[in-house]
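Any value given below was found using the heavy atoms of this structure, including those in side chains, with hydrogens, waters and symmetry copies removed. Every chain is numbered from 1, with letters handed out A, B, ... down the list of sequences.
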Amino acid sequence: MQGSFKDFAETCERVKATSSKIEKVAILAEYLRKLADPDLRIAVTFLTGRAFPKGDPRDPNVGYSTIASIILEITGADELQLYETYKKYGDLGETIFHMLSKRAQAQLLMEPLTLQRVYRAFDKIASISGAKAATMRSTILRGLLLSATPLEAKYIVKVLTSELRIGAIEGLIEEAIASAFGEPLERVRNASLAINDLGEVAVLAKQKQLHNVKVTPLKPAGFMLAETAQTPEEVIEYFKKPVLADFKYDGARAQIHKKSSTIRIFSRRLEEVSAFFPEIVEAVKKISGTLILDGEILPMRDGKPLPFQVLQRRLHRKKITRRLLEEIPLHLFLYDVLYYGDSPVVDKPLAERRQILEQLSLPDNVHLSEMHEVKDVASLRTLFEKSKAEGFEGLVVKDPGSPYILGRRGKHWLKLKKELDTLDVVIVGAEYGHGKRAGILSDYIFAVRDDEGRFRVIGKAYSGLTDEEMLELSERLKSMVIKDLGMRVLVRPEIVIEVAFDGIQKSDRHDSGFALRFPRIKRLRPDKGPDEIDTLKRVEGIYRRQMLYETS
DNA sequence: CGCCCGGCTTC
DNA sequence: ATCGGAA
DNA sequence: TTCCGATGAAGCCGGGCG
């Protein structure tokens, strides 16, 4: 008996219906236990909100607009109906469910969908390229959706849009696998972090083969991540012992694997990105031994780092010309090692791993990160200033005794970034949110004043307010609408907010000519009126000051 | 052929 | 990347 | 503490459109 897609969808519904994590895990475990190996692999992959495993080069390449047109075709609804339904539920899966439920069902006589049939359809959709690719993808997807019940269609769409929204993505799925097959959670986690394919891990767990899984050269392992700290005082207070402070580099995180002359570089999302960095691949070939290294790739000229946008021109390039290689020279800064010689070194303390790095002999464009032992707030502050003055991003402060914890953010590493600046700005527009923010104006478009007192848009922000504040602000804005543009509204410029950011970039996205990096709402400013907000002049000033820092 | 947009990844 | 919410 | 969900700005690619 093959796993039915209906069971999968119904299980998701039950998981979504409870907010208790324990109950979610129990429902999932009971479901997984019943599945045969091939179905188990597929179901677990789908449960992680993916059509295919992490790092798999296949990609269905269908998104919101493709699915929206298919919904219109198969339901015969008009755009207004679709738009109203979407606005109400904020989720394409829910939208197709409600729109299909409204019409008489014609698929009662069809064979029920299986997990494998859905998976094969996804595979087929992903394999299409070239002329008319979009049309052909739509045709296959339409066929699939036509043979699905409304509930099945909902989950087909949810998997394709990676928006399952059942309150379980990875952690709880791991717990469910552990519970289903009687394995310790720790072992499931470690296996998942070592090979990064939960479908495979589930099958290995079922076959009692999990203990054989460990960090292996040429297979991507989960990166260790850092928590954010606000001040040097907080950092010193937290560790209460001498720490190792690394410079923080504003580049692309890279995990570099070397086994004889084979080099593989994996990105933060564990995509294989070796082809984008030929000069780094060549350089790493010159280092001896079998290795897994952790570091950052960034563009530099005359010993100074170049802005992040420059690096972006080297990312995801199909063709890398000689000219591009000369224009944007890349360097690799190493700060950790996960595998050395013939075994993993992730369990050794950081201080020992650093010693391994220090005895490597490195080619010209590969460097060790700048790292210093720090014992007090004053020297931490000095080092932070040094990092910024040299054009770097700040510091990552680490516990010298800590192991390399695969794939987890944790308080063994604390990052201190460039101090933020803030702007007082006025809200001139807003957008309706998605998912749990459906029907709420949750994303705010804001502006500064120019010389003539006109409002110039400089960005959008959504985070920083509590749910309660957001709901209240949403209601107020709804009463201030000047113009309704569907998912977006323009409002009378009256409400002032303080917005924090990490940098200012030149941009033609907004009419101020600037955009903010990592904008977030600091607080509402009910004490200020729109004539008291910050000016474009001040924005230009902050921009110039920052450029001075970056090029000095 | 050049421009725009959706999709995706980087931070 | 960032942030708040939930358990 | 840890996980989850909602979403910012920039640049590249593929494909559609004029």
With rounding to the closest Å, how many angstrom separate the P atoms on dT2(C) and dG7(B)?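 Straight-line distance between the two P atoms is 26 Å.
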Assign a letter to each nucleotide of nucleotides 1-7 of chain C from its 5' end: B, base within under 4.0 Å of a protein heavy atom; S, sugar-phosphate only; -, no contact. BBSSS-S
His510(A) side chain N/O closer than 4.0 Å to the phosphate oxygens (OP1, OP2) of dA9(D)?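 Answer yes for this pair, as a side-chain N or O of His510(A) is under 4.0 Å from OP1 or OP2.
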Side-chain N,O (Lys318(A)) to OP1/OP2 (dG14(D)) below 4.0 Å: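 So the side chain of Lys318(A) is within the cut-off, an N or O lying under 4.0 Å from OP1 or OP2 of dG14(D).
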In whole Å, what is the span from the [atom1] atom of [X] to the [atom2] atom of [N]?
X         : N       : atom1 : atom2 : result
Asp91(A)  : dG5(D)  : CG    : P     : 11 Å
Glu227(A) : dC3(D)  : CD    : P     : 10 Å
Leu172(A) : dG5(D)  : CG    : C1'   : 13 Å
Phe501(A) : dA10(D) : CZ    : P     : 14 Å
Asp443(A) : dA6(D)  : CG    : P     : 13 Å
Gln312(A) : dA9(D)  : CD    : C1'   : 8 Å
Glu175(A) : dT1(D)  : CD    : C1'   : 13 Å
Met470(A) : dG5(D)  : CE    : C1'   : 11 Å

Which residues pass the side-chain contact (heavy atoms from CB on, under 4.5 Å) test with Ala254(A), sequence neighbours left out?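 By the side-chain contact (heavy atoms from CB on, under 4.5 Å) rule, Ala254(A) matches Ile256(A), Ile265(A), Ile297(A).
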Name all residues meeting the side-chain hydrogen bond (donor to acceptor under 3.5 Å, both in side chains) criterion together with Tyr444(A); count only those two or more places apart in sequence or in a different chain, and write none if there are none.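 side-chain hydrogen bond (donor to acceptor under 3.5 Å, both in side chains) check on Tyr444(A) returns nothing, list empty.
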According to side-chain hydrogen bond (donor to acceptor under 3.5 Å, both in side chains), who are the partners of Ser192(A), at least two apart in sequence or on a separate chain?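 side-chain hydrogen bond (donor to acceptor under 3.5 Å, both in side chains) list for Ser192(A), sorted by chain: Glu174(A).
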Test of ring centre spacing under 6.0 Å for Phe46(A) and Phe122(A):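 That pair passes the under 6.0 Å test.
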Which nucleotide, dG16(D), dT1(D), dA10(D), lies nearest any side-chain atom of Ser507(A)?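 Nucleotide nearest to Ser507(A)'s side chain: dA10(D).
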Starting the side chain at C-beta, find the nucleotide from dC12(D), dC4(D), dA9(D) nearest to Gln505(A).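 Comparing dC12(D), dC4(D), dA9(D) against the side chain of Gln505(A), the answer is dA9(D).
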Indicate the atoms forming the closest heavy-atom contact of Arg50(A) with Phe52(A), along with that distance.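 Looking at all heavy atoms of both residues, the shortest contact is CB-O, 3.1 Å.
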Go through the structure and list residues passing salt bridge (Lys or Arg N to Asp or Glu O under 4.0 Å) with [X], not counting sequence neighbours.
X         : value
Arg142(A) : Glu73(A)
Asp399(A) : Lys241(A)
Asp336(A) : Arg353(A)

Quiz item: Gln309(A) side-chain donor-acceptor pair to dA10(D) base, under 3.5 Å: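 A donor-acceptor contact between them is absent.
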For DNA chain B, note the earliest and the latest nucleotide, 5' to 3', having some atom under 4.0 Å of a heavy atom belonging to chain A.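 The footprint of chain A covers dG6(B) to dC11(B).
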Would you please name every residue forming a ring-ring contact (aromatic ring centres under 6.0 Å, His included) with His316(A), sequence neighbours left out?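 For His316(A), the residues satisfying ring-ring contact (aromatic ring centres under 6.0 Å, His included) (neighbours in sequence not counted) are Phe276(A).
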